[in-house]
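The structure appears below as structure tokens.
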Amino acid sequence: MKRRVLVATGGGDCPGLNAVIRAIVKRAQKEPNWEVVGSINAFDGILTEPQEIVVLDEEKVSGIHIRGGTIIGTTSKGGPFEWPIKNSDGSWTTADRSDDMIRRLQYLGVEAVINIGGDGSQKISKMFHEKGANFVGVPKTIDNDLSATDFTFGFQTAMQEATNAVDKLVTTAASHNRVFVLEVMGRYAGWIALNAAIAGGADVALIPEIPYDINCVVNKINSRFDKDRGFAIIVIAEGAKPANGQMHYAESNEIGYKNIRLGGIATKLINQLKEAGIETDMRETVLGHLQRGGTPIAFDRILATQFGVKAFEMVMEKKYGQMVAYHHPNIVSVPLDDAISRYNHVNPDSDLAKTARGIGICLGD
Ligand code: F6P
């Protein structure tokens with residue numbers, strides 16, 4: 001019987017997931033005795049009845065490196081340690097099914113698991129590792145908020161999408177003498193917003209790491225208008241917040257979905273600007289999941305492919321409890337502990353932030 005490695009993709013999807021899956025399969029096929037299987041929708045494929053496990057062979061992964069999403073599906077809800085169970089009254093509770101999952105993996109003859117996901121997924125990898133299961137992590141997220149790796153794949157594609165949006169908004173803003181506020185993703189990190197603002201030549205970039213003073217934003221906008229002629233572009237991260245204020249979010253009532261849903265800060269900012277005396281026409285654009293869907297750019301395809309090859313080699317070397325990471329120019333393995341112990345935030349004193357300030361971008365402080 002062949003040795004089996006199981007692959008799962010968990011959390012929000014991300015451009016490059018399919019390139020990782022393809023690379024794992026291609027690398028495994030160079031070995032005489034390995035088989036790759038995929039669990040559908042993260043670990044739901046193992047834990048639900050009937051199980052949904054697919055054999056991933058060369059034919060299944062052919063050409064998928066250019067496709068967005070994940071061919072084995074994903075979910076942001078629940079997980080083996082907090083499996084959602086709906087009560088008869090409509091409320092829900094959770095159960096720890098991690099032991100059940102380990103038994104099921106053994107029954108399926110799975111020797112190791114490659115878990116491709118963000119911080120939530122890598123916490124799950126670590127918890128399984130501590131229970132003696134053989135897990136290797138692969139970091140993914142458009143937010144680039146995982147520490148221990150220079151970049152996660154998917155981030156560059158998201159940043160490019162956000163930059164394309166700035167480019168487009170510049171032409172319409174200039175034509176109408178308007179202020180445009182572009183809200184981008186990133187959760188508690190401002191990587192997408194700050195980079196897109198620099199690349200697109202925005203006037204203001206507001207990020208979670210620097211709570212903004214509305215008066216600074218007002219002054220910057222005014223400096224961009226001569227009488228009523230001019231325009232301004234503001235890129236705001238979904239997790240940005242005013243000084244002494246709160247992030248804008250909604251609690252989710254989806255069963256098993258633990259994340260808060262960030263969003264709405266662009267509208268809030270426009271209202272604040274009106275209150276602070278800006279009379280110019282203002283419009284908002286919320287880029288949303290356009291940043292996550294679609295074809296990965298070349299950088300992300302390459303990084304994802306490197307991660308996939310390395311992850312399989314880590315399985316062969318039994319480097320469990322570790323995560324693949326990019327330490328330029330090398331692809332290395334790091335302890336899962338290092339990866340999830342802290343978030344990767346934008347440092348307000350970093351060279352990137354200094355560059356933004358250096359070309360006159362207002363960071364709200
Ligand atoms: O973590 C990736 C991400 O796209 C965040 O940038 C965003 O806040 C969140 O996921 C959106 O999640 P969902 O697709 O579940 O609404």
Side-chain angles (χ1 to χ4, degrees), residues 8-18 20 41-42 44 68-70 73-79 82 84 115-125 137-147 149 151-163 165 182-197 205-209 235-241 246-268 284-297 300 303-304 323 339-340 342-346:
T9 50
D13 72 329
C14 173
L17 284 170
N18 284 326
V20 182
N41 295 346
D44 290 9
T70 161
T74 185
T75 176
S76 315
K77 297 176 188 170
E82 288 176 293
N115 192 16
I116 313 170
D119 63 317
S121 300
Q122 300 319 333
K123 278 179 193 144
I124 290 174
S125 302
V138 177
K140 73 86 222 184
T141 165
I142 63 163
D143 305 332
N144 200 40
D145 59 357
L146 270 170
S147 50
T149 183
F151 288 119
T152 50
F153 66 85
F155 163 63
Q156 304 272 347
T157 301
M159 186 171 76
Q160 187 61 54
E161 278 304 311
T163 303
L182 173 67
E183 180 178 308
V184 299
M185 284 185 165
R187 290 204 80 75
Y188 311 121
W191 295 108
I192 297 174
L194 182 56
N195 281 286
L206 302 177
I207 60 175
E209 293 86 347
V235 183
I236 188 164
E238 61 181 359
K241 53 176 183 273
Q246 297 293 321
M247 285 182 189
H248 208 269
Y249 63 87
E251 304 281 352
S252 169
N253 56 9
E254 293 170 67
I255 293 174
Y257 187 92
K258 281 196 312 175
N259 286 336
I260 56 170
R261 294 184 71 171
L262 290 167
I265 189 69
T267 310
K268 182 171 173 174
E284 69 185 70
T285 300
V286 180
L287 200 51
H289 292 76
L290 292 174
Q291 291 156 99
R292 245 169 58 183
T295 305
I297 63 168
D300 283 334
L303 186 61
M323 188 187 81
I340 59 175
R342 61 186 172 83
Y343 279 106
N344 175 28
H345 286 294
V346 174

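All residue numbers refer to positions in the sequence shown, counting from 1. Order of listing sets the numbers, starting from 1, for every ligand and every atom in it.
Within ligand 1, the atoms closer than 4.0 Å to a non-hydrogen atom of I142 are 4 (O), numbered from 1 in the order shown. Within ligand 1, counting atoms from 1 as listed, the ones closer than 4.0 Å to a heavy atom of G186 are 6 (O).
H289 counts as a contact of ligand 1, since one of its heavy atoms falls under 4.0 Å from the ligand.
Ranking the protein heavy atoms by distance from atom 9 (C) of ligand 1 puts R187 NH1, 3.7 Å first. Ranking the protein heavy atoms by distance from atom 15 (O) of ligand 1 puts Y257 OH, 2.6 Å first. Among protein heavy atoms, atom 3 (C) of ligand 1 sits closest to R292 NH1, 3.6 Å. Nearest to atom 1 (O) of ligand 1 among the protein's heavy atoms is D143 OD2, 2.6 Å. Regarding atom 7 (C) of ligand 1, its nearest protein heavy-atom neighbour is E238 OE2, 3.3 Å.
Checking D145 against Y188 by side-chain atom types alone, no donor-acceptor pair falls below 3.5 Å.
Side-chain atoms of T141 never come within 3.5 Å of backbone atoms of G118 as a donor-acceptor pair (strictly under, hydrogens ignored). No donor-acceptor distance shorter than 3.5 angstrom exists from the side chain of E183 to the backbone of L287, with no hydrogens or angles considered. Side-chain atoms of S147 come within 3.5 Å of backbone atoms of R342 as a donor-acceptor pair (strictly under, hydrogens ignored).
The structure places CD of E284 at 10.5 Å from CD1 of I236, a figure rounded to the nearest 0.5 Å.
A 4.5 Å side-chain heavy-atom check between V20 and K140 finds every atom pair outside the cut-off.
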